[in-house]
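The structure appears right after this line, and notes come after that.
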Number of protein chains: 2
Amino acid sequence: MGKYCFGIDVGGTTVKCGIFSVEGDVLDKWEIPTRTEENGCHILPDVAETVLAKITEKALNKEDVAGVGIGIPGPVNEAGEVPMAVNLHWGYVNIAKDLGDLTGLKVKAGNDANVAALGELWQGGGAGYKDMIMVTLGTGVGGGIILDGRIVAGTHGAAGEIGHAHVDDEMEEACNCGRHGCLEQWTSATGIAHLAQKILDFSEEPSLMRRHKNISAKTVFDAMKEGDALAIQVGTEFGRYLGKALAVFSTVVDPQIIVIGGGVSKAGPIVLDYITGPFREYCFPPCRDTRFALAKLGNDAGIYGAARMLL
Amino acid sequence: MGKYCFGIDVGGTTVKCGIFSVEGDVLDKWEIPTRTEENGCHILPDVAETVLAKITEKALNKEDVAGVGIGIPGPVNEAGEVPMAVNLHWGYVNIAKDLGDLTGLKVKAGNDANVAALGELWQGGGAGYKDMIMVTLGTGVGGGIILDGRIVAGTHGAAGEIGHAHVDDEMEEACNCGRHGCLEQWTSATGIAHLAQKILDFSEEPSLMRRHKNISAKTVFDAMKEGDALAIQVGTEFGRYLGKALAVFSTVVDPQIIVIGGGVSKAGPIVLDYITGPFREYCFPPCRDTRFALAKLGNDAGIYGAARMLL
């Protein structure tokens, strides 16, 4: 076991990088651009170069480095292979082998949402726990399932894809996945804004939300904090869908804690207030004391979790 | 590692017992009564006695016995402790310690539904796989989640309690758990019979089901096999609720295979026919090729799974 490990989070435009002590302290973090041209063939060599340069810069012994953990926006199997990652312009890539050959270091790879969940478990909202459901409320709804401190990846790399749980038989609009009535259509930042617009169009009531031309989830939560009745109606619907769905997921894995992250979670504890009531109403009774927390690491969750995979 | 292990499945009236080779062959199986009097204080001593008697009868060396696995109708934590098992009249019992002291053998304990799922993974409908959701359709709906070949027990021992996933906002009748709209209210043997009766009461159409005074799930599936239109309507509703719920559960753990057991599964492959269509319609698209199978071990699943916990 080395004294340090690298955590790399590959996004569509930048690669976030960090070097950590095995205790979880971040020693340095930086970014490089993601070069997606030529089918993304430069991405792994660029990562290898920056990792090796950092080892030189910090004057580390390579034997003191436990390895490189890397999160990828796409499905990753247990062997560290990616069948396809559309945002990186990748077809099949064996990351564990290729990046291992390029760096001479041990490499572990995972899906970015799952890896971020592991980061939150290590040093964020789930610290101190080992069984967790993480929900990321952003443009879409992502998720990660951690059991006994380890990522559940799933047969098709689809474990934790809880944004695509079917929750609504009446939804007419299509989800990005092509189906109708997915959880993310009600509870993503986009979904919340959409719902707010519908409620405003339907009602004659005054609302602080009407001051904004383009309504965002932030507009809605800001208005809620001011006691705006229509915004509270939006939050109630949002919380009912998410709390009820989390209650269902809990009958499957019964986690210790549910951590809520993503842009929507920046509204603060008020987000949890709307979710926990419906969760406790719809959950299997022994699970009523399941804990809830907000994510803490923001955009750094990915580099933390990537590093953690090595330990 | 020994050559043999015991698998014990404690029910409310009988304790099923088996002795297995580590390869999974059953060498002998038998039953003893479950003595629930005096707060069930005789149950573990009775189990110890029958295990030790079998070791003598078979002239085994105790060193060749890997241990005793035991399934209990109640929540069991990872340390082998039961906070309470109503059907056995137990309050807190530390099974792993108490049965270990009584037998001088290593003991592992688990919830009976989870243990039965592990049995089906070892030698039944899930053989050859390692990630499985098992659904048991009986008087109620039980379940078990197996990931990487191991039982997921859950923080409150409630992982796999999928019969109590909330699936119906309109249900007026109460579930045994005190809430309304649980999956088991639509898909247990009782739920299917109930639904059939409702459909018969509402319709004037002739149906083979009308020949029976007391309608059971078997009546319904027998009529379906004869092409009975109202029975097919019951099966379609049943399959839509179960297939849709399994699609949601798959967004959490994305298993390789879903195994359907319990009394209802005795109707045969027709049960799967009604479930798989809705599953594929509602699942996250990459999960469409998830396999389905019927359970194979019937009432023996518990003793197989209990033995498997030791290996």
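Protein chains get the first letters and strands the later ones, always in sequence-line order, with residue 1 at the start of each. Here the structure is a predicted model, which is why all the values come from computation and not from measurement.
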| note | The side-chain contact (heavy atoms from CB on, under 4.5 Å) partners of A/V234 (sequence neighbours excluded) come to A/I192, A/L195, A/A196, A/I199, A/M209, A/V220
| remark: Max heavy-atom pairs within cutoff under 4.5 Å with chain B, candidates A/I162, A/I145, A/V167, goes to A/I162
| task | Answer with side chain, backbone, both or neither: which region of B/P255 has an atom nearer than 4.5 Å to a non-hydrogen atom of chain A? | result | backbone
| task | Let me see the working for A/V248 and A/L246 under side-chain contact (heavy atoms from CB on, under 4.5 Å), right down to the final yes or no. | result | CA-CA 5 Å; A/V248 170; A/L246 289 168; over 6 Å; no
| query | Partners of B/F279 by ring pair (Phe, Tyr, Trp, His ring centres under 6.0 Å), sequence neighbours excluded? | reply | B/F292
| message | Tell me which of these, B/G157, B/A245, B/G144, B/G154, has more heavy-atom pairs under 4.5 Å with chain A than the rest. | response | B/G154
| Inter- and intrachain pairs under salt bridge (charged side-chain N to carboxylate O under 4.0 Å, His left out), touching residues 83-95 of chain A, at least two apart | none
| task | Heavy-atom distances under 4.5 Å only: say whether B/A247 touches chain A with side chain, backbone, both or neither. | result | neither
| Can you tell me how far the CE atom of B/M132 sits from the CD1 atom of B/I151, to the nearest 0.5 Å? | 9.5 Å
| task | Measure B/C175 against the heavy atoms of chain A and call it side chain, backbone, both or neither at under 4.5 Å. | result | neither
| query | A/G181, A/P285, A/C177: which one forms the most heavy-atom pairs within less than 4.5 Å of chain B? | reply | A/P285
| task | Supply the atom-to-atom distance B/L272 CG to B/I260 CD1, rounded to the nearest 0.5 angstrom. | result | 6.5 Å
| Student check: side-chain heavy atoms of B/V259 and B/L294 closer than 4.5 Å | no
| said: Can you confirm whether A/I70 sits close enough to A/I72 that some side-chain heavy atom of one is under 4.5 Å from a side-chain heavy atom of the other? | reply: yes
| message | Please classify the contact between B/L147 and chain A as side chain, backbone, both or neither, with a heavy-atom cut-off of under 4.5 Å. | response | side chain
| query | With chain B, which of A/G178, A/C182, A/C283 has the greatest number of heavy-atom pairs at distances under 4.5 Å? | reply | A/C283
| request: Would you give the length of the straight line joining atom CD1 of A/I258 to atom SG of A/C287, rounded to the nearest 0.5 angstrom? | output: 9.0 Å
| task | Would you indicate whether the side-chain heavy atoms of A/V152 and A/I146 approach each other to under 4.5 Å? | result | no
Pairs table: donor-acceptor atoms between chain B and chain A closer than 3.5 Å:
residue : atom : partner : partner atom : Å
B/T155  : N    : A/D254  : O            : 2.9
B/T155  : N    : A/D254  : OD2          : 3.1
B/T155  : OG1  : A/D254  : O            : 2.9
B/T155  : OG1  : A/P255  : O            : 3.3
B/T155  : OG1  : A/Q256  : N            : 3.0
B/H156  : N    : A/D254  : OD2          : 2.6
B/H156  : ND1  : A/D254  : OD1          : 2.7
B/H156  : NE2  : A/D289  : OD1          : 2.5
B/G157  : N    : A/D254  : OD2          : 3.3
B/A158  : N    : A/D254  : OD2          : 2.9
B/G160  : N    : A/T251  : O            : 2.9
B/G160  : N    : A/V252  : O            : 3.1
B/E161  : N    : A/T251  : O            : 3.0
B/D169  : OD1  : A/K244  : NZ           : 3.0
B/D169  : OD2  : A/K244  : NZ           : 2.7
B/R179  : NE   : A/C283  : O            : 3.3
B/R179  : NH1  : A/Y282  : O            : 2.4
B/R179  : NH1  : A/C283  : O            : 3.1
B/K244  : NZ   : A/D169  : OD1          : 3.0
B/K244  : NZ   : A/D169  : OD2          : 2.7
B/T251  : O    : A/G160  : N            : 2.9
B/T251  : O    : A/E161  : N            : 3.0
B/V252  : O    : A/G160  : N            : 3.1
B/D254  : O    : A/T155  : N            : 2.8
B/D254  : O    : A/T155  : OG1          : 2.9
B/D254  : OD1  : A/H156  : ND1          : 2.7
B/D254  : OD2  : A/T155  : N            : 3.1
B/D254  : OD2  : A/H156  : N            : 2.6
B/D254  : OD2  : A/G157  : N            : 3.3
B/D254  : OD2  : A/A158  : N            : 2.9
B/P255  : O    : A/T155  : OG1          : 3.3
B/Q256  : N    : A/T155  : OG1          : 2.9
B/Y282  : O    : A/R179  : NH1          : 2.3
B/C283  : O    : A/R179  : NE           : 3.3
B/C283  : O    : A/R179  : NH1          : 3.2
B/D289  : OD1  : A/H156  : NE2          : 2.5

| said: Report which part of B/V253 has an atom under 4.5 Å of a heavy atom belonging to chain A: side chain, backbone, both, or neither. | reply: both
